[in-house]
Each structure stands twice: as C-alpha cells, then as structure tokens.
Amino acid sequence: NSTGVTVMGSEFKITCLCLFCQAPLVSEEDAVFKSGDLIKCKLCGEGNDYASVIKLAKEKGIEKVTSDLKANLKKTFKNFK
C-alpha cells in the first residue's frame, strides 16, 4: 500500500516495499500495524518488520521531496545570476 503526503501543493505517494524482494507490500485496506508487527510479503512470503519498512519509506520520501524541491528551485531561479 502507498502512503500519500502533500508538500507545498504537490502530492507525493510512497509505496512500502518488501525489505527482501522489493515488491510492493499489500495489506487489507483496514489493516493497522504498529512497531514490532511483521508484514508478510505476498510475493516472497518473508515477514517485514513494520518499523524498518516505515523507516525506509520515510527515507525514500525525504529523498523524493528533496530532489523535487531542488529541481523546482533550479527551474525557478535559472534566469537569476
């Protein structure tokens, strides 16, 4: 499942991936997880530690927002010298 966040008017979606095979992790729509829970990958069958999955998703999200922000700033200020 993916988690969405809106930053400066842009929506970013982050897909939680299996730590073992990189497949998107899929759960029931109403599933609730907490630290210490294992999320079973439907592709490889491995149990993924919820806290580790969320930590990686946050890191990927920060990378994406930072990259997009830098690109937007570069585009906005390309004519200023």
Side-chain angles (χ1 to χ4, degrees):
N1 295 1
S2 62
T3 301
V5 65
T6 302
V7 178
M8 296 175 43
S10 296
E11 184 172 339
F12 296 88
K13 293 228 181 247
I14 308 301
T15 300
C16 295
L17 301 175
C18 175
L19 301 172
F20 301 95
C21 73
Q22 304 306 309
L25 291 173
V26 181
S27 65
E28 299 299 322
E29 191 68 31
D30 59 348
V32 177
F33 298 101
K34 62 184 184 310
S35 184
D37 288 347
L38 291 179
I39 305 169
K40 187 174 181 178
C41 176
K42 296 199 186 292
L43 184 64
C44 72
E46 291 287 342
N48 291 266
D49 174 64
Y50 172 77
S52 298
V53 169
I54 293 302
K55 180 181 176 190
L56 184 61
K58 284 180 183 178
E59 290 170 3
K60 294 287 185 187
I62 289 169
E63 288 174 13
K64 175 70 174 149
V65 169
T66 301
S67 173
D68 284 10
L69 179 60
K70 285 180 182 178
N72 284 335
L73 287 173
K74 188 175 181 178
K75 183 171 49 170
T76 300
F77 293 107
K78 72 179 178 182
N79 296 325
F80 289 96
K81 294 186 181 200

Minimum heavy-atom distance between S35 and Y50, given as atom pair plus value: N-CD2, 3.6 Å

Within one Ile-Leu-Val-Met-Phe-Trp-Tyr cluster: V53 and L17, side-chain cutoff 4.5 Å: no

K70 NZ to L73 CG distance, which is reported to the nearest 0.5 Å: 10.0 Å

Residue of the set L19, I54, L25 for which side-chain contact (heavy atoms from CB on, under 4.5 Å) holds with I39: L25

Nearest heavy-atom neighbours spanning I14 and A57: CG2-O, 3.5 Å

Expected output: side-chain D37 to main-chain K34 donor-acceptor under 3.5 Å: yes

For T15 against P24, the heavy-atom pair lying closest together: CG2-CB, 3.7 Å

Interatomic distance, L56 atom CG to C18 atom SG [nearest 0.5 angstrom]: 11.0 Å

CD-CD distance between E59 and E63, expressed to the nearest 0.5 angstrom: 7.0 Å

Contact summary for F20 and C44, nearest pair of heavy atoms: CB-SG, 4.2 Å

